[in-house]
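Reviewing the structure listed below.
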Amino acid sequence: MGGCQMNFVVGIDFTGSNGDPRSPNSLHFISPNGVNEYLHAIWSVGLVIQDYDADKMFPAFGFGAQIPPTGQVSHEFPINFNPSNPYCAGVEGIVDAYRSCLPQVKLYGPTNFSPIINHVAAFAAAATQQKTASQYFVLLIITDGVITDLDQTRHAIVNAAKLPMSIIIIGVGGADFSAMEFLDGDNGGLRSPTGEMAIRDIVQFVPFRKFAQAPKEALAQSVLAEVPQQVVSYFSMYKLKPPNDPAAN
């Protein structure tokens, strides 16, 4: 109501540990009825999120795949393969881009989260130039939870905690999610490898399979549970008011 824009960015894990997308055992295998856990997570969370995003244009990136034309490994490639305009129109746009991207990339590795976190953090840092509570960024990472660059990611999160930014990690599949639980920091704050403490908790981890039988609202509710508090705590910490402050009227 105060005019704060929520900017949602999606990051999708295209690493080899997900399994070959042509194999029915793969988390990226699209079943005959057109779904998999990645698509299910994009739909259920995206439909809630898009109501908070004014322009409903979502930059969507993949990480950990070999991408055309040269087969180089990338940790932040636009899934529509358009670096100058990585935006997808609505949840349908993300889903369509994902479906057309999947056969064009080769799942690879390692699983690095820090490049995409730092990418979004750069936008969040630029937004701090505006001296009002006008922009907030939420990075949604959908992953099988196997992470390679844990130390760099801890560092990136501790840095991002100082910015108008939150990170939601949805874990798909049945892997060991202990590293994701660790990044969530609910059991005592997250520290960077140098020992610097995150000044606020900005990571929410949700294991997707816990909600497999639940109504789809339950997943979205759990995923977004901490975001309102994170938004308010950030702007309160820096004493920033929304552009059209409802309290001022």
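Expressed to the nearest 0.5 Å, how far CG of Asn159 lies from OG of Ser114 amounts to 11.5 Å. One distance of note links CD of Glu226 with CD1 of Ile202; it measures 11.0 Å at 0.5 Å rounding.
Other residues, nucleotides and ligands contribute over 12 non-hydrogen atoms within 6.0 Å of the CZ atom of Phe81. For CZ of Phe29, the number of neighbouring non-hydrogen atoms (other residues, nucleotides, ligands) closer than 6.0 Å is greater than 12. The 12-atom threshold is exceeded at NZ of Lys131, counting heavy atoms of other residues, nucleotides or ligands nearer than 6.0 Å.
Using modelled atom types and a 3.5 Å distance limit, the side chains of Thr194 and Glu196 yield no donor-acceptor pair. For Asn112 and Gln152, the side-chain atoms include no donor-acceptor pair closer than 3.5 Å. With no hydrogens or angles considered, no side-chain donor-acceptor pair links Tyr87 and Asp55 at under 3.5 Å.
In plain terms, the two heavy atoms of Phe58 and Val91 that are nearest each other are CE1-N, 4.1 Å.
Salt-bridge annotation for Arg154 and Asp151: present, with a side-chain N of the basic residue lying under 4.0 Å from a carboxylate O of the acidic one.
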* To do: Tell me, with the steps shown, if Asn7 and Phe123 meet side chain to side chain contact (heavy atoms under 4.5 Å, CB included).
  => CA-CA 10 Å; Asn7 300 286; Phe123 285 94; over 6 Å; no
* Asked: Given the rule in the side chain to side chain contact (heavy atoms under 4.5 Å, CB included) test, do Ile79 and Phe14 qualify, once you have shown the distances and angles that lead to the verdict?
  -> CA-CA 10 Å; Ile79 61 171; Phe14 286 100; 3.9 Å; yes
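Remark: of the listed residues Thr111, Ile142, Val172, Leu27, Thr111 is the sole one forming a side chain to side chain contact (heavy atoms under 4.5 Å, CB included) with Asp13.
Counting heavy atoms from C-beta on, the side chains of Leu183 and Ile157 come closer than 4.5 Å.
Annotation: side chain to side chain contact (heavy atoms under 4.5 Å, CB included) contacts of Pro86 (sequence neighbours excluded): Pro59, Phe61, Pro78.
Cluster annotation: Ile94 and Leu39 are assigned to the same hydrophobic cluster (Ile/Leu/Val/Met/Phe/Trp/Tyr, side-chain heavy-atom contacts under 4.5 Å, transitive).
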